[in-house]
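Since the structure comes first, as structure tokens, the remarks are kept for the end.
The figures that follow rest on heavy atoms only: side chains count, while hydrogens, waters and symmetry mates do not. Below, chains carry the letters A, B, ... as their sequence lines are ordered, and counting in each starts from 1.
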There are 2 protein chains.
Amino acid sequence: MNSPEYNKLKKLTEEHILDFLPDIDQKCITLYDSMKYSLTAGGKRLRPVMLMAACEMCGESASFALPYAIAAEYIQTYSLIHDDLPAMDNDDYRRGKLTNHKVFGEDIAILAGDGLLSSANEAMNKTMLLYLDDEVKLKRLVRASFEICKGTGARGMVAGQVADVENEGKNCSKDMLDFIHMNKTAAFIKSMCVAGCYLGGGNQQFIEDMSVYGECTGLAFQIIDDILDVIGDEKEMGKKTGVDAALGKATYPALHGLEASKKRAIELLSKARAAIEKYYDEAEVFNGILDFLESQII
Amino acid sequence: MNSPEYNKLKKLTEEHILDFLPDIDQKCITLYDSMKYSLTAGGKRLRPVMLMAACEMCGESASFALPYAIAAEYIQTYSLIHDDLPAMDNDDYRRGKLTNHKVFGEDIAILAGDGLLSSANEAMNKTMLLYLDDEVKLKRLVRASFEICKGTGARGMVAGQVADVENEGKNCSKDMLDFIHMNKTAAFIKSMCVAGCYLGGGNQQFIEDMSVYGECTGLAFQIIDDILDVIGDEKEMGKKTGVDAALGKATYPALHGLEASKKRAIELLSKARAAIEKYYDEAEVFNGILDFLESQII
């Protein structure tokens with residue numbers, strides 16, 4: 001993911017990561033501090049970069065997509081804060097730093113997550129307000145927001161989380177594992193690719209191609225995450241490895257074996273690559289993501 | 001709150017309470033079950049009724065506001081589920097039934113809350129999609145959604161929750177208590193009144209009057225809730241009383257005394273009444289709410 005364009009969009013995300021939080025009163029500054037703590041804890045910023053890159057490929061500026069990109073990172077961050085809670089994965093560290101609840105307590109961490117999800121929606125809605133008199137862009141904004149809601153909500157990411165939690169320590173079927181991966185991870189990533197196209201005013205063919213790209217890349221991303229939990233280096237990853245096995249989590253390597261998992265990931269990455277082949281010259285960010293993911297397991 | 005119109009809108013809410021959840025896969029049916037459990041656990045349905053009643057007062061049908069009314073109840077329900085968690089108020093019962101986490105476990109309860117907030121936004125967004133080619137109504141929908149986001153998010157309800165949690169067992173100032181009440185409760189209720197006006201296409205004067213009504217009623221509502229926690233009957237309320245004191249919560253009676261609390265609530269209800277006096281004939285629902293609230297403490 002080290003292409004110059006990826007790094008430019010990642011930098012843009014990090015420079016503006018706090019800009020779309022609503023004004024928060026000094027009387028509950030802890031809410032701001034706790035949201036800020038997790039928002040500035042690093043990370044690949046994969047989702048916002050994808051959203052802006054897809055928008056740019058349609059000929060629209062990245063800055064038009066910026067509020068939505070930041071909103072997506074708020075959603076990603078809320079999901080990590082809640083996922084790390086003692087009642088969920090009970091993680092003490094995330095990206096080499098203490099998790100939100102270890103610093104601010106469980107109550108504030110729950111509320112910081114709620115505040116971030118609310119702020120994501122507020123940021124997208126506020127952008128719509130700014131374009132109330134620009135019919136074309138308003139429609140793009142509404143369509144993009146709906147894609148993000150779908151990908152991250154009760155028939156997307158949250159559904160995947162529930163299935164994941166419910167299948168811990170159980171004999172999870174391959175079918176169920178695919179459902180978990182598709183919803184927990186791929187649906188959100190796919191929604192970034194599709195919503196980015198909507199924001200940029202892309203045509204139907206491009207939306208369909210990016211939808212295939214997003215889904216395959218998202219699935220590969222989760223399988224590779226599972227693989228790295230088995231073979232990865234703790235220091236390099238900034239988090240503990242072997243966690244999935246310890247939690248009795250259903251993972252691709254556990255169900256299919258390490259070699260079959262690698263093979264499946266490579267297949268998915270190839271399918272993703274094929275979906276955007278015809279846009280090769282403009283798809284530096286998206287090709288770079290595939291190169292990086294592949295390099296982690298070969 | 002027993003006016004025929006209130007009951008009609010409450011019934012409408014309850015008949016459609018599950019209709020705006022997205023299709024949820026059988027593979028994570030627990031998510032659906034847990035959301036449904038709390039959505040159908042009763043309650044006054046105050047917020048959705050207010051939203052639809054305000055919309056109707058502008059001459060628009062309640063059914064136009066229905067998806068937003070249901071979305072508001074999803075938000076209210078998510079906030080109660082998270083508020084009841086062991087890390088927060090640690091309540092075993094809500095409205096005479098076991099709280100969500102007592103039935104489904106903490107992990108699912110956290111995710112049910114996340115799913116409900118996501119579904120609220122998805123429902124509002126989906127409504128916008130339906131009106132993409134109706135410029136006038138699309139603008140109303142965007143404005144209304146923004147009001148709801150503001151009232152319930154990180155500078156509204158979530159801010160109030162954080163301040164509430166942080167001031168437990170502390171010497172809370174009167175100023176801070178006002179901040180908590182305004183954000184934890186009044187901001188959401190006010191947003192219902194204002195968003196309802198936007199949905200109905202109400203004029204600026206009506207929006208301002210309903211904004212005053214909503215804020216005063218919301219503040220009175222919370223002060224009366226505090227008072228009932230001291231003087232109320234457990235059976236009638238379907239929840240434990242004396243809880244605030246046990247948790248060391250900052251409440252109006254604790255800081256100002258019972259009589260001063262009643263006086264303040266009555267003052268606020270009068271101010272709310274005055275704000276909508278000129279619409280008396282159409283304001284059955286809103287006057288009925290004031291009558292009911294007053295009857296609880298005199």
Do [X] and [Y] have side chains that approach each other closer than 4.5 Å (heavy atoms only, starting at C-beta)?
X: A/N121; Y: B/N125; value: no
X: B/K190; Y: B/S211; value: yes
X: A/I75; Y: A/R47; value: no

For this session: Would you indicate whether B/N171, at its atom CG, is surrounded by more than 12 heavy atoms from other residues, nucleotides or ligands within a distance under 6.0 Å?
Result: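 Open: at most 12 neighbouring heavy atoms sit under 6.0 Å from CG of B/N171.
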Among [options], which residue forms the greatest number of heavy-atom pairs with chain B at distances under 4.5 Å?
options: A/I29, A/I110, A/L129, A/N167; answer: A/L129
options: A/N183, A/D114, A/I24, A/L116; answer: A/D114
options: A/E135, A/E122, A/M128; answer: A/E122
options: A/K27, A/M124, A/M88; answer: A/K27

For this session: Return the option, out of B/V165, B/L111, B/L117, B/D133, with the maximum number of heavy-atom pairs under 4.5 Å with chain A.
Result: B/L111
For this session: Could you check which of B/P22, B/S119, B/A120, B/A163 has the highest count of heavy-atom pairs closer than 4.5 Å to chain A?
Result: B/P22
Exercise. Charged N to carboxylate O below 4.0 Å: is that the case for A/K249 and A/D89?
Worked result: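 Salt bridge between A/K249 and A/D89, a charged N being under 4.0 Å from a carboxylate O: yes.
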Exercise. Looking at B/Y78 versus B/H82, is the centre-to-centre ring distance below 6.0 Å?
Worked result: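 Between B/Y78 and B/H82, the centre distance is under 6.0 Å.
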Problem set entry | Nearest non-hydrogen partners of A/G200 and A/E60, listed with the distance | CA-CB, 3.6 Å
Residue part contacting chain B, namely of [X], when any heavy atom lies under 4.5 Å:
X: A/D23; value: backbone
X: A/Q161; value: both
X: A/L85; value: side chain
X: A/D175; value: both
X: A/I108; value: side chain

Seminar exercise, completed: side-chain contact (heavy atoms from CB on, under 4.5 Å) test vs A/H101 passes for just one of A/T99, A/V103, A/L98, namely A/T99
For this session: Enumerate the residue pairs fulfilling salt bridge (charged side-chain N to carboxylate O under 4.0 Å, His left out) with a member in residues 104-113 of chain B, sequence neighbours excluded, ordered by first and then second residue.
Result: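 Qualifying pairs, neighbours excluded: none.
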For this session: Enumerate by number any residue of residues 136-160 of chain B whose heavy atoms lie under 4.5 Å from heavy atoms of chain A; in the absence of such residues, state 'none'.
Result: B/L138, B/K139, B/V142, B/R143, B/S145, B/F146, B/C149, B/K150, B/T152, B/G153, B/A154, B/R155, B/V158, B/A159
Exercise. Can any side-chain N or O of A/S38 pair as donor or acceptor with the backbone N or O of A/M35 at less than 3.5 Å?
Worked result: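 It does not hold such a pair.
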Exercise. Between B/Y68 and B/T127, is there a donor-acceptor pair closer than 3.5 Å when you use the side chain of the first and the backbone of the second?
Worked result: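 No, the answer is negative, given that no donor and acceptor are paired below the 3.5 Å cut-off.
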